[in-house]
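For the single chain, residues carry numbers from 1 onward in sequence order.
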Amino acid sequence: MKVKSFPRFTSLDDIADRFEKVTSKIQFENREYKYVKIVFEGETNKLIYRCEEERHNLIISMISDVVVDVVGVYSVREVAI
């Protein structure tokens, strides 16, 4: 069985430059992040990814298919937006 690879990113800027679509997992700074949910705010879609090991969330804000912001947030739980 072939193992499916997932997108790998080295920095927040790298995510902003290369992120294309929602996937179930991404790798950021050598840690695995799982897709949690999407939050719709007007024309902006905020994709939430979480790394439980680091207690870190990535929030990728997109308008249409364009990344407009990427933020990393440390929290004990999933972030509330």
Indicate yes or no: at least one non-hydrogen side-chain atom of M62 is less than 4.5 angstrom from one of L47.
-> yes

For T23 and K25, the nearest pair of non-hydrogen atoms, with its separation, is OG1-O, 2.8 Å

Does Y49 have any side-chain hydrogen bond (donor to acceptor under 3.5 Å, both in side chains) partners at least two apart in sequence or in another chain, and if so, which?
-> none

Roughly how far, to the nearest 0.5 Å, is the OG atom of S75 from the CD atom of E54?
-> 12.5 Å

Find out whether N57 and Y74 are in side-chain contact, i.e. whether some heavy atom of one side chain is under 4.5 Å from a heavy atom of the other.
-> no

Cluster overlap I60 with V39, hydrophobic side-chain contacts below 4.5 Å = no

Taking a hydrophobic cluster as the set of Ile, Leu, Val, Met, Phe, Trp and Tyr residues connected by side-chain heavy atoms closer than 4.5 Å, whether directly or through intermediates, do V70 and V22 fall within one such cluster?
-> yes

Working for side-chain contact (heavy atoms from CB on, under 4.5 Å), residues I48 and Y35 | CA-CA 6 Å; I48 313 298; Y35 174 74; over 6 Å; no

Is it the case that more than 12 heavy atoms not belonging to R55 sit under 6.0 Å from its CZ atom?
-> no

R18 to D14 - nearest heavy-atom pair and separation = NE-OD1, 2.7 Å

So do L58 and I26 actually touch side chain to side chain, heavy atoms under 4.5 Å?
-> yes

Is there a chain of hydrophobic side chains (I, L, V, M, F, W, Y, each step under 4.5 Å between heavy atoms) that links F40 to V66?
-> no

Shortest non-hydrogen contact between T10 and E29, atoms and distance = O-CG, 3.6 Å

N45 and S61: side-chain donor and acceptor closer than 3.5 Å?
-> no

Determine the minimum heavy-atom distance between Y33 and H56, stating which atoms define it.
-> OH-ND1, 2.7 Å

Would E52 and R50 count as a salt bridge (Lys or Arg N to Asp or Glu O under 4.0 Å) if you check the C-alpha gap in whole Å, the side-chain angles of each, and the deciding distance to 0.1 Å?
-> CA-CA 6 Å; E52 286 296 336; R50 177 148 177 94; 2.9 Å; yes

Does the side chain of F6 reach to within under 4.5 Å of the side chain of E32, using non-hydrogen atoms?
-> yes

Taken to the nearest 0.5 Å, the spacing of S64 OG from E43 CD works out to 7.5 Å

Under a single-linkage definition using a 4.5 Å side-chain heavy-atom cutoff for Ile, Leu, Val, Met, Phe, Trp and Tyr, are I15 and I59 assigned to the same hydrophobic cluster?
-> no

Are the side chains of V73 and V71 in touch, meaning some heavy atoms are under 4.5 Å apart?
-> yes

Shared hydrophobic cluster for F9 and V68 (ILVMFWY, side-chain gaps under 4.5 Å) = no

